[in-house]
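This report concerns only the one structure given below.
Numbers restart at 1 for each chain; the letters A, B, ... are given by sequence-line order, proteins then strands. Quick caveat: nothing in here was measured; it's all calculated off a predicted structure.
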2 protein chains.
Amino acid sequence: MGENLPGDAVENGKKSPRTPKHWELKERLAELLRVVSPGGSLPGERALASEFGVSRTTVRKALAELTAEGRLTRVHGSGTFAGEGKLTQRLQLSSYTEDMRSHGRHPTSSLLDARIGAADPELALLLGIRSGDDVLRLRRLRRADGEPMAIETSRLPLARFPGLERHVGDGSLYGLLWEYYGVALGHAEETIETALATPAEAALLGNEAGALMLLLSRHSFDTEGRPVEWVRSVYRGDRYKFVATLVSPQSDHH
Amino acid sequence: MGENLPGDAVENGKKSPRTPKHWELKERLAELLRVVSPGGSLPGERALASEFGVSRTTVRKALAELTAEGRLTRVHGSGTFAGEGKLTQRLQLSSYTEDMRSHGRHPTSSLLDARIGAADPELALLLGIRSGDDVLRLRRLRRADGEPMAIETSRLPLARFPGLERHVGDGSLYGLLWEYYGVALGHAEETIETALATPAEAALLGNEAGALMLLLSRHSFDTEGRPVEWVRSVYRGDRYKFVATLVSPQSDHH
DNA sequence: GGACTTGAGTGGTTTAGACCATTGCGATTA
DNA sequence: TAATCGCAATGGTCTAAACCACTCAAGTCC
């Protein structure tokens with residue numbers, strides 16, 4: 001969408017805010033990128049460096065930013081390729097499976113591990129239990145059309161869901177809660193922020209450590225307002241964005 | 001200072017995942033950071049480099065990640081300081097002013113510029129007008145307690161709001177729409193994604209170019225479902241996170 | 001044919017050093 | 001006293017070079 005801010009051009013040659021080389025290079029590469037179809041390859045770092053007359057370090061800085069924005073994909077040992085754009089994920093209180101299907105994508109989900117531990121004070125507060133009570137921690141890898149999409153770590157109070165650890169699998173957690181315990185979700189409080197990938201997350205998501213991530217935390221309650229789970233999900237920031245539909249509580253003018 | 005034993009990468013004789021130095025350094029710095037009160041200062045880059053026996057480049061990479069996460073604040077010419085944590089911004093269809101007040105903060109908002117231009121095809125579609133029709137573009141700098149918080153760029157169809165450009169100021173836009181045109185907002189579609197700061201944005205937000213940002217796009221409609229505005233807001237990713245309360249459409253189990 | 005080895009090319013990490021831009025404070029000066 | 005200057009320390013940018021880790025395809029061997 002045509003953005004034309006005043007003063008972003010270099011002029012006077014005097015005390016100009018001095019545009020860094022890597023930024024200028026980034027723009028030239030972005031231009032080059034417009035004529036490369038998604039998936040197409042770019043020249044190697046060394047080639048770009050000599051092509052544009054800068055050091056490889058500078059090239060890498062420019063490429064790193066383009067990668068963080070999802071406009072490039074880099075594969076170690078293979079090359080640098082044009083990106084594919086971002087997917088969207090709706091912010092709503094529904095299951096992952098349902099959510100993805102409504103976007104016409106094929107969702108799968110695999111349980112990475114399930115273990116029982118003691119709640120620390122902070123977690124106990126969130127789940128409405130006492131510090132030290134048993135908590136079931138589930139880690140799942142979410143995929144869409146086979147592509148790793150997010151790592152989801154759920155924590156549930158075991159006292160409320162006795163034996164839950166024996167039922168969990170790759171299937172829907174919310175389905176289990178309803179079938180075995182008659183619990184349905186009522187509302188949730190969700191926060192979204194940026195984060196950087198840890199090496200472990202990066203390995204699972206096919207990312208590199210330190211990459212931009214969207215960190216989504218969800219605190220879910222059942223229909224009677226009792227806390228059910230606390231979830232932290234990590235999404236690749238270069239591939240996903242979130243959508244929410246907001247409704248006015250009433251017309252507010254101020 | 002315990003030199004890194006190169007041996008820990010060879011213990012199993014196979015291919016160990018090899019932790020980069022800058023990551024290990026980052027963790028050691030994070031540890032150090034836990035005993036520094038917010039605003040407290042850290043040693044300079046050169047001091048850290050010799051202290052930990054690594055190059056300044058590696059130190060900078062570790063510091064850059066901590067900064068992106070909002071755990072550090074760096075001031076050119078002055079030093080590196082411990083961060084202050086993130087604020088939250090509620091995702092709801094209400095005015096900025098109201099929104100901030102409910103968080104006990106003092107909001108201000110200044111109009112950077114207001115100009116009239118022609119809609120390109122994409123924008124025309126969003127605003128329900130024809131390509132080339134007049135569009136009013138407003139750029140605002142939002143502050144909370146005096147701190148730059150976000151840059152908000154709104155676009156409205158001038159044909160629906162004739163003379164709007166003569167009314168706009170630092171006050172509430174939604175208030176104007178109601179007073180002069182009897183228009184109230186009904187619902188909006190909002191997307192959230194990561195982005196990197198442009199030099200212009202960075203200058204306004206007191207950031208550095210290439211920093212992590214949260215890009216929030218809002219497509220607002222009036223109570224009759226007609227498009228009213230299209231807004232893109234850029235927030236500092238190291239300082240803000242967003243909150244949404246989600247309500248189950250009904251109990252969904254699957 | 002099929003399994004293996006090898007090597008060239010790619011991105012990833014790290015180093016040491018140079019220079020620039022900004023800040024803040026102490027010394028100097030009006 | 002008050003303003004100014006100078007300078008040292010800080011973070012910011014950039015270079016050139018080395019080495020590592022991964023990929024892939026060509027070549028080799030059985």
Just N and O in the side chain of [X]: are any of them under 4.0 Å from OP1 or OP2 of [N]?
X     : N      : answer
B/T58 : C/dT13 : no
B/R60 : D/dG12 : yes
B/T80 : D/dG11 : yes
A/K61 : D/dG12 : no

Using a heavy-atom cut-off of under 4.0 Å over every strand shown, decide if A/T57 touches base, sugar-phosphate, or nothing.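 Base contact - A/T57 has a heavy atom under 4.0 Å of at least one base atom.
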
From CA spacing to verdict: side-chain contact (heavy atoms from CB on, under 4.5 Å), A/L63, A/L48: CA-CA 10 Å; A/L63 292 177; A/L48 289 172; 4.3 Å; yes

Over how many whole Å does the gap from [X] atom [atom1] to [N] atom [atom2] extend?
X     : N      : atom1 : atom2 : result
B/E51 : D/dT10 : CD    : P     : 13 Å
B/L29 : D/dG11 : CG    : P     : 12 Å
B/F81 : D/dA9  : CZ    : P     : 16 Å
B/K21 : C/dT13 : NZ    : P     : 13 Å
A/L72 : C/dG12 : CG    : P     : 11 Å
A/R56 : C/dT14 : CZ    : C1'   : 11 Å
B/F52 : C/dT14 : CZ    : P     : 15 Å
B/E65 : C/dT13 : CD    : P     : 9 Å

As a quick check of understanding, evaluate side-chain contact (heavy atoms from CB on, under 4.5 Å) for B/E69 and B/L66, giving each step before the final call. CA-CA 5 Å; B/E69 291 171 348; B/L66 289 167; 4.1 Å; yes

Want to settle it: does B/V75 or A/P43 sit nearer the 5' end of DNA chain C, counting the closest nucleotide to each?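 With B/V75 and A/P43 compared, the 5'-side residue is A/P43.
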
When you compare the ring of B/H76 with the six-membered ring of C/dA21's base, are the centres less than 5.5 Å apart and the planes under 30° from each other?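 Here the ring of B/H76 and the base of C/dA21 are stacked, with centres under 5.5 Å and planes under 30°.
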
Judged by each residue's nearest nucleotide on DNA chain D, which is more toward the 5′ side, B/A47 or A/G77?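 Its nucleotide being nearer the 5' end, the pick is B/A47.
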
For B/R74 and for A/S78, find the nucleotide of DNA chain D with the closest heavy atom, then tell me which residue's nucleotide is more 5'.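 In this pair, the answer is B/R74.
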
Taking N and O atoms by type only, does the side chain of A/R46 place a donor or acceptor under 3.5 Å from a partner on the base of C/dG11?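 Answer yes: a donor N or O sits under 3.5 Å from an acceptor.
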
Could you tell me whether the side chain of A/R236 and the main chain of A/L205 form a donor-acceptor pair under 3.5 Å?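 Here the side-chain-to-backbone pair exists.
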
Of B/R139, B/R142, B/R232, the residue whose pairing with B/E152 passes side-chain hydrogen bond (donor to acceptor under 3.5 Å, both in side chains):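 Of B/R139, B/R142, B/R232, side-chain hydrogen bond (donor to acceptor under 3.5 Å, both in side chains) with B/E152 is met by B/R142 alone.
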
Apply the test side-chain contact (heavy atoms from CB on, under 4.5 Å) to residues B/T194 and A/L214: give CA-CA distance (whole Å), side-chain angles for both, the deciding distance (0.1 Å), then the verdict. CA-CA 7 Å; B/T194 58; A/L214 278 168; 3.7 Å; yes

As a test of reading the structure: which of C/dT15, D/dA16, C/dT13 is closest to the side chain of A/S55, going by heavy atoms?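 Nearest to the side-chain atoms of A/S55, counting from C-beta on, is D/dA16.
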
